[in-house]
Structures are given as structure tokens and as C-alpha cells.
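What follows is a single structure, written as C-alpha cells, with notes after it.
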Protein chains: 2
Amino acid sequence: MKPVFHPDIEDVAPADVFGALADPIRLGILVALSDVNEVDKARCSHFTAFASPSLLSYHFAKLREAGITRMRVEGTSRYLSIRREELNQRFPGLIDSVIETARRDPNLPRLGPEWLSGTVGA
Amino acid sequence: MKPVFHPDIEDVAPADVFGALADPIRLGILVALSDVNEVDKARCSHFTAFASPSLLSYHFAKLREAGITRMRVEGTSRYLSIRREELNQRFPGLIDSVIETARRDPNLPRLGPEWLSGTVGA
DNA sequence: TTCGAAATTCAATGATCGTTGAATTAAACC
DNA sequence: GGTTTAATTCAACGATCATTGAATTTCGAA
């Protein structure tokens, strides 16, 4: 399988990042990722409640091409995570206040409670 | 003259804010405004170096309708400012890290040095 | 009351966006 | 091999976007 393209973080412009954040589904994905980022166990198919598979692919690509997320390929699955260290080095403090802002939005799509309890990776 | 419409800050969604920030010209305006916000002396026509008058009107409206800026009408002129207090109450810390991020972008349009030295309002 | 400056509005353009559904790829497993 | 599962790709659609230039509104000043 061909490895997925990730932009060099230095090539990412602020306007690109904000463009990728200008959508409720993508903000929902970002918040969900921030809840499980340390385990790196967020598979694409875990977000099927957010949208159809093809639409999810589209939104995943937007986040990835804006330098916000990383995608690890493993068999037929793909695992997502936030590029926290690189983002913090390039835009100090930005991603955290973005996530905090998004987390307070009651209108974003959410994952079920099995995510927050860590039942999924067990 | 009819007063300009400003959305209630509670009606502004995070995705709306990020959408308004997804453009280099608007980020340039935001950074410039943050340099002179306390004096409230930023007139629309001061940004003619950024774009044509009609395009500026378009971008000003985007920022205003997303709850980011306020527009004060005075004669034939309009004065812009950032809605800092309201934004900080609704999205704590967000606007500051956004401005800080934008300020570091070397590719945004900039105002001349007479702005930073405060010569304009004199 | 006419003139000019400030800014908006309008119509038009090409580009990108979010979404759908069907077709495709790629790997895992019997 | 054949099937199932995970995810992407593609073509299409209407909607919104950024930009242009010309026409218009609004007010201040001569």
C-alpha cells in the first residue's frame, strides 16, 4: 500500500489550518481524537456515526492535508492521531485552544461513552 | 444610515469563526486591527493596500458576520475593531492564540509602519 | 446644490466546498 | 481461489467562495 501523504508542518499556513477547522464534522473528529490521542487507537471506521464512509474519507483528507492529523496505515485499517507536537512547535498554543473551543460546542457530532471509558481498545 | 448588523455572540458557532479566518486577507486585517484596537481608529479605507474597495467590503462583512469584528458607522466612514471581550467570554483564549498565530505568518498582507507608530490618528 | 470621497451593492466569473452514491482498491480470512 | 471488511476514488450536484468591475448609496464640504 502506498503511504499516505502528510505535508511538512512548515509548509502549512494558518489560513489552511483554519479552513480545515471550518466544518462541524471535522471539529467533531478533532475533539474525538483529542480524547484518545495518547493510545493512537482511533480507527477511521469508528466515526461511521458522523457521516457516510466516503464523506468521512473526504473530511479525513482535509484534516490530514492541512497538517492537523496523521494517518497510520495498518492492513486495511487506518489509525488517526493529532500532530500535537509539530502543531505546537509551529503554532504554539493554537491547537489546544481550538480543541477547547470545539469541545464546548454542543452541536458537534460526538462518539459514544465507550470511547471515553477506553473500552474500545480493550 | 441603517445600523450595521452584528450577530449576538451566543449565536456564533466555532465553525463559523474558523471559516472567517480561512483567508489570508482577513487574517491580515485581523492582525492589523489587533495592533490598533485600543484606539478604535481603524477606518476601512486604511486597508486599500490589501485589496480593492469592493473586495474589502466583502471581507469586512465576513469578519463581522462571524462575530469577530465590530463596525462603527460615522458619517461616510466606518471604523473597525475586534470584539475582544465578547469573544473571550464565549471562546476563552481563542482569539489571542489565533492572532498570535496569524502575526507570525510572513505571507499575510501588512499595513505600513505609520500604523505601528500611531502616526495615523494624530 | 453640486461635487467628491467612502463604502456598499450587484451581477458575473471560475474555483472550491460538502454531500451523495456507485465503483474501485487492498488486505484479511475462510 | 472467493468472500468479506476497510477505506478510497470518482463523477456528479448544487452551494458557497474569492475576485472583478461597474453602478449605487450616503454623507461631507465647497
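Each chain gets a letter, A, B and so on, in the order the sequences are listed, and its residues count up from 1.
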### Summary
Tightest non-hydrogen contact, residues I25(A) and P109(A), listed as CA-CG, 4.0 Å
### Query
CD of E65(B) versus P of dA18(D): gap in Å, rounded?
12 Å
### Query
Taking only residues two or more places apart in sequence or in another chain, which ones pass ring-ring contact (aromatic ring centres under 6.0 Å, His included) with F50(A)?
F47(A)
#### Entry: Main-chain N/O of A102(B) paired with D105(B) side-chain donor or acceptor, under 3.5 Å
no
## Note on the structure
So the side chain to side chain donor-acceptor pair (under 3.5 Å) pairs with at least one residue in residues 89-103 of chain B (sequence neighbours excluded) are S97(A)-S97(B), S34(B)-R103(B), D35(B)-R103(B), R84(B)-D96(B)
### Sequence-distant partners of S52(A), side-chain contact (heavy atoms from CB on, under 4.5 Å), two or more places apart
S54(A), L55(A)
### Summary
Taken to the nearest whole Å, CD1/I25(B) to P/dC17(D) is 15 Å
### Message
Expected output is a numbered-order residue list: members of residues 14-24 of chain B with a heavy atom under 4.0 Å from any atom of DNA chain C. What is it?
### Response
none
Identify all pairs in which a protein N or O lies below 3.5 Å from an N or O of nucleotides 11-14 of chain D, and state each distance.
none

### Message
Could you work out, with side-chain hydrogen bond (donor to acceptor under 3.5 Å, both in side chains) as the rule, every residue matching S45(B), not counting sequence neighbours?
### Response
R43(B)
### Query
With sequence neighbours left out, which residue pairs that include part of residues 17-27 of chain B fulfil the side chain to side chain donor-acceptor pair (under 3.5 Å) condition?
R26(B)-H59(B)
### Task
Take atom CZ of F50(A) and atom P of dT19(C), then tell me their distance rounded to the nearest Å.
13 Å
### Query
If we only count heavy atoms from C-beta on, is the V98(A) to F91(A) side-chain gap below 4.5 Å?
no
Using a cutoff of under 3.5 Å, can you pull out all pairs of nitrogen or oxygen atoms linking the protein to nucleotides 5-8 of chain D, with atom names and distances?
residue : atom : partner : partner atom : Å
dA6(D)  : O4'  : T76(A)  : OG1          : 3.0
dA6(D)  : O3'  : T76(A)  : O            : 3.4
dA7(D)  : OP1  : C44(A)  : N            : 3.4
dA7(D)  : OP1  : R78(A)  : N            : 3.2
dA7(D)  : OP2  : S45(A)  : N            : 2.7
dA7(D)  : OP2  : S45(A)  : OG           : 2.9
dA7(D)  : O3'  : R78(A)  : NE           : 3.4
dT8(D)  : OP2  : S57(A)  : OG           : 2.1
dT8(D)  : O5'  : S57(A)  : OG           : 2.9

### Query
Is there a side-chain polar atom (N or O) of H59(A) under 4.0 Å from OP1 or OP2 of dT19(C)?
yes
### Task
Applying side-chain contact (heavy atoms from CB on, under 4.5 Å), name anything that partners R64(A), two or more places apart in sequence or on another chain.
V4(A), F5(A), H6(A), A61(A), T69(A), M71(A)
### Task
For S57(B), enumerate each residue passing the side-chain contact (heavy atoms from CB on, under 4.5 Å) test, keeping only those at least two apart in sequence or located in another chain.
none
### Message
Rounded to whole Å, please give me the gap between CD1 in I29(A) and P in dG18(C).
### Response
11 Å
### Task
List in chain and number order the residues that pass side-chain contact (heavy atoms from CB on, under 4.5 Å) with D8(A), two or more places apart in sequence or in another chain; answer none if no residue qualifies.
E10(A), D11(A)
